[in-house]
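To find a chain, count down the sequence lines: A is the first, B the second, and so on, and within it residues start at 1.
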Number of protein chains: 4
Amino acid sequence: MDKKHEVLTTVKDENLIEKRRQQMIQAAVSLFKVKGFHRATTREIAKEAGFSIGTLYEYIRTKEDVLYLVCDSIYNEVHTKLSEFTPENGTLEDLENAVRHYYSVIDDMSDEFVVMYQESKSLPKNALEYVLKKELEMVEIFQKILVGCIQAGELELTEAQAKLYAHTLVVQGQMWAFRRWALSKEYSIEQFTELQIQVLLYGMKK
Amino acid sequence: MDKKHEVLTTVKDENLIEKRRQQMIQAAVSLFKVKGFHRATTREIAKEAGFSIGTLYEYIRTKEDVLYLVCDSIYNEVHTKLSEFTPENGTLEDLENAVRHYYSVIDDMSDEFVVMYQESKSLPKNALEYVLKKELEMVEIFQKILVGCIQAGELELTEAQAKLYAHTLVVQGQMWAFRRWALSKEYSIEQFTELQIQVLLYGMKK
Amino acid sequence: MDKKHEVLTTVKDENLIEKRRQQMIQAAVSLFKVKGFHRATTREIAKEAGFSIGTLYEYIRTKEDVLYLVCDSIYNEVHTKLSEFTPENGTLEDLENAVRHYYSVIDDMSDEFVVMYQESKSLPKNALEYVLKKELEMVEIFQKILVGCIQAGELELTEAQAKLYAHTLVVQGQMWAFRRWALSKEYSIEQFTELQIQVLLYGMKK
Amino acid sequence: MDKKHEVLTTVKDENLIEKRRQQMIQAAVSLFKVKGFHRATTREIAKEAGFSIGTLYEYIRTKEDVLYLVCDSIYNEVHTKLSEFTPENGTLEDLENAVRHYYSVIDDMSDEFVVMYQESKSLPKNALEYVLKKELEMVEIFQKILVGCIQAGELELTEAQAKLYAHTLVVQGQMWAFRRWALSKEYSIEQFTELQIQVLLYGMKK
DNA sequence: AATGAATGAGGATTCATTCAT
DNA sequence: GATGAATGAATCCTCATTCAT
């Protein structure tokens with residue numbers, strides 16, 4: 001459950017595996033976005049990726065493997081991008097900037113986010129567990145920043161509150177991806193971000 | 001697009017239609033919860049509902065109709081329950097109570113919520129539009145309360161801010177349904193609700 | 001392992017099941033005879049049986065079920081035919097007649113025999129066990145007749161010998177089915193039978 | 001049709017061809033024994049043989065070639081082993097010893113025998129004809145010994161009877177390979193052999 | 001000679017939907 | 001109104017074979 005869920009391959013060349021999987025993931029995301037996991041066929045995925053159905057199956061075992069690779073890849077990308085920005089001062093400004101950075105990552109990858117959250121329930125059990133673990137890691141990133149602020153005396157929260165607020169921050173970012181159809185009519189991502197920072201950090205009461 | 005999406009029937013007797021559809025919806029929710037819309041078969045739905053596949057198709061046209069009925073039914077139930085409680089004073093206490101009421105409805109119906117949000121993307125175009133409209137109506141309920149508070153001088157927000165905060169309140173409630181696997185280990189629904197009210201209304205800054 | 005291996009069905013009407021399965025078995029035997037189990041497709045089986053592929057799968061779960069039904073049906077038919085003729089006197093004449101009867105059944109059903117013995121190895125484990133049990137029952141029929149002859153003083157054999165001779169008689173009959181391509185050039189079934197009776201019962205030494 | 005069926009090769013070096021084919025045959029027999037010809041894949045055969053799928057196809061043209069090589073190799077081995085022992089006196093003792101020798105060869109190679117007889121039906125037409133010819137040659141070996149006994153006055157049989165008895169002797173030997181699952185519980189190969197000699201040469205009547 | 005990545009035709013199975021009873 | 005047998009398009013996946021390196 002802790003270990004990375006392995007996707008078995010017939011092919012041996014590691015570089016080739018990486019290359020083909022990138023093609024595959026990109027193809028899959030663009031198809032899942034439009035039709036969802038179940039309505040996208042393995043043939044379509046292969047074609048969109050630029051190779052034959054036979055080749056697709058040299059790099060995966062089942063269609064669900066594709067979904068897993070997509071989810072794993074998205075999490076890794078988000079993690080990498082968030083890690084580029086790790087504030088360490090424990091100021092509220094740091095927290096604000098972390099949120100801004102995260103929300104901009106979501107804006108860049110909102111198709112991927114929507115696909116991941118809508119389809120991950122179709123993963124086989126242990127792949128799902130792995131993905132949920134990754135989700136918690138995302139929450140922990142924010143939790144650590146919050147704890148930093150608490151220790152620096154900038155925030156006055158219990159551990160339990162900090163954890164919940166971390167969830168809140170993560171979910172509010174996802175909201176932008178999921179409700180883009182409604183929200184983008186009214187706000188730009190920058191407006192959205194600043195408004196959210198206002199209410200989440202400082203409350204909506206005047 | 002604005003009108004209620006109609007589900008055609010062979011049967012004439014309105015009472016019977018209502019009865020069979022309730023059986024159907026209940027069966028579908030419990031199946032979709034476990035296997036999702038795509039993996040649940042119409043045969044299973046019919047069986048779980050207590051009648052034959054032939055009978056199922058007397059009351060719907062396509063499998064997607066079942067999903068639509070499920071979503072429609074959930075929204076109506078939530079609407080009804082929220083309408084039981086419509087505060088009109090424009091106090092912050094009213095707002096808090098509205099949130100409490102909404103979050104407790106979500107707690108009661110969290111399976112239904114999860115099913116609805118995970119599967120509604122599989123609705124045909126115009127049924128989806130109808131459902132999204134319903135979703136906006138939910139947001140508007142909170143928006144109105146917020147506007148009430150603004151007018152009463154309890155909150156100091158622009159219209160744009162009020163709308164976004166309404167979304168936030170709605171989404172944070174759904175968070176309880178979607179992240180129950182993680183959150184319920186740490187908080188009861190009451191604790192969750194009070195903590196959320198704290199941060200959303202009054203901010204997390206000390 | 002002892003119980004009859006069950007083949008699950010979607011259809012409820014028992015008479016219909018029986019009818020469709022007979023069509024299926026007949027179609028399968030004629031195809032397996034020509035192409036073997038693996039090269040015959042389920043579509044061909046359905047078509048030959050006179051219904052659609054969908055209908056075929058209403059009456060079976062897997063392609064191997066077809067093979068099992070074929071084997072089971074053949075054994076039952078042979079058993080029934082052999083049971084029509086059960087000598088009880090313990091004379092050598094009885095034994096001879098039993099052999100004659102068995103060999104003529106094999107002549108009638110040699111396609112079926114060949115199919116069954118060539119393909120039964122493809123059965124899933126517990127279906128195979130069931131079929132092997134049936135095979136032993138066939139041997140036992142002859143063993144009993146032999147024991148009858150021993151008790152009547154017509155033959156002087158140990159139990160162990162009787163069992164082996166029963167196998168021999170059964171296998172020699174099957175030889176007619178398997179080596180028809182060579183044997184029928186030289187002998188009619190009647191000649192074959194009488195020559196076999198000679199050597200098996202009375203030896204080839206002058 | 002009479003000529004040896006040729007398996008074409010890209011490779012020139014005859015020694016290498018022989019070596020690779022031996023690896024291939026051994027691998028194939030062990031796989032066919034477990035999974036049968038159809039379920040064993042060419043990839044598995046190559047891997048078990050210790051080389052790549054590409055290399056496998058340097059030494060054969062089609063998968064059926066592998067099966068042919070297996071059958072051919074088994075027949076040749078049996079022939080060689082039987083030829084080591086060719087009695088020429090025309091005594092019944094010679095006949096008995098030939099049978100003993102043959103049955104012990106079968107005991108040594110029973111996996112190979114089972115594979116050959118179960119799978120040879122999958123050979124392409126002219127390879128099958130070649131193999132059937134080989135089978136008849138096996139029968140002829142015994143037929144010759146029988147004729148020797150007849151000429152020496154030890155047996156009193158017509159040509160037609162001699163040929164049938166030759167088939168019988170060959171098939172009874174194969175019985176040991178095919179019914180090992182049942183027979184080996186009751187008899188050792190030596191017991192089996194002696195009992196068979198008794199009944200086949202001297203009859204079971206007291 | 002050896003390798004192994006690529007191919008795609010082919011096959012088993014599923015399941016939404018229909019329609020005769 | 002209710003039933004459930006029949007249908008066949010759709011889909012996942014396999015595997016023999018090829019060919020560039």
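Among the atoms of the strands shown, only primed sugar atoms or phosphate atoms (P, OP1, OP2) are found under 4.0 Å from some heavy atom of D/A40. Among the atoms of the strands shown, only primed sugar atoms or phosphate atoms (P, OP1, OP2) are found under 4.0 Å from some heavy atom of D/T62.
Remark: P of E/dA16 and CG of B/L67 are 13 Å apart, rounded to the nearest angstrom. E/dG11 atom P lies 13 Å from atom CZ of C/F37, rounded to whole Å. D/M24 places its CE atom 15 Å from the C1' atom of E/dA2, with the value rounded to the nearest Å. The distance between atom NZ of B/K63 and atom P of E/dT14, rounded to the nearest whole Å, is 15 Å.
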- Message: The test is side-chain contact (heavy atoms from CB on, under 4.5 Å); show your working for C/E129 and C/K125 and say whether it passes.
- Response: CA-CA 6 Å; C/E129 280 165 357; C/K125 199 167 175 313; 2.9 Å; yes
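Paired runs in DNA chain F that reach 3 or more consecutive Watson-Crick or G-U pairs, where each pair keeps both distances under 3.5 Å, cover E:2-21 with F:2-21.
Of the N and O atoms on the side chains of C/Q22 and C/E18, at least one donor lies less than 3.5 Å from an acceptor on the other residue. Donor-acceptor pairing under 3.5 Å is lacking for the side chains of D/S73 and D/R21. Inspection of the D/Y59 and D/D65 side chains reveals no N or O donor paired with an N or O acceptor under 3.5 Å.
Residue pairs satisfying the ring-ring contact (aromatic ring centres under 6.0 Å, His included) criterion with at least one member in residues 6-29 of chain D, sequence neighbours excluded, are absent.
Every residue meeting the side chain to side chain contact (heavy atoms under 4.5 Å, CB included) condition with C/A127, not counting sequence neighbours, appears here in chain and number order: C/H5, C/Y68, C/L123, C/P124. Evaluation of the side-chain hydrogen bond (donor to acceptor under 3.5 Å, both in side chains) rule for B/Y75 yields B/E135 as partners, not counting sequence neighbours.
Residues B/E64 and A/R20 both approach DNA chain E. Their nearest nucleotides, taken by heavy-atom distance, put A/R20 toward the 5′ side. Position along DNA chain E of the nearest nucleotide to B/Y57 versus A/V11 favours A/V11 as the more 5'-ward residue.
Closest approach of B/L67 and B/E119 over heavy atoms only: CD2-O, 3.3 Å. Taking both residues in full, the closest heavy atoms of D/L128 and D/S120 are given as CD1-O, 3.5 Å, listed atom of the first, atom of the second, then distance.
Mapping heavy-atom proximity under 4.0 Å, the span of DNA chain F touched by chain A runs 5' to 3' from F/dT11 to F/dT14.
Using a 4.0 Å cut-off, some side-chain N or O of D/Y59 falls inside it from OP1 or OP2 of E/dA2.
Salt-bridge formation is detected for the pair B/R43/C/E58: a Lys NZ or Arg NE/NH1/NH2 atom is positioned less than 4.0 Å from an Asp or Glu carboxylate oxygen.
The local environment of CD in A/Q26 is sparse, with at most 12 non-hydrogen atoms from other residues, nucleotides or ligands closer than 6.0 Å.
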Look for any protein N or O under 3.5 Å of an N or O in nucleotides 7-10 of chain E and output each such pair with its distance, or none.
| unit_1 | atom_1 | unit_2 | atom_2 | d |
| --- | --- | --- | --- | --- |
| E/dT7 | OP2 | A/S52 | N | 3.3 |
| E/dT7 | OP2 | A/S52 | OG | 3.4 |
| E/dT7 | OP2 | A/T55 | OG1 | 2.7 |
| E/dG8 | N7 | A/G54 | N | 3.1 |
| E/dG10 | O6 | A/R43 | NH2 | 3.1 |

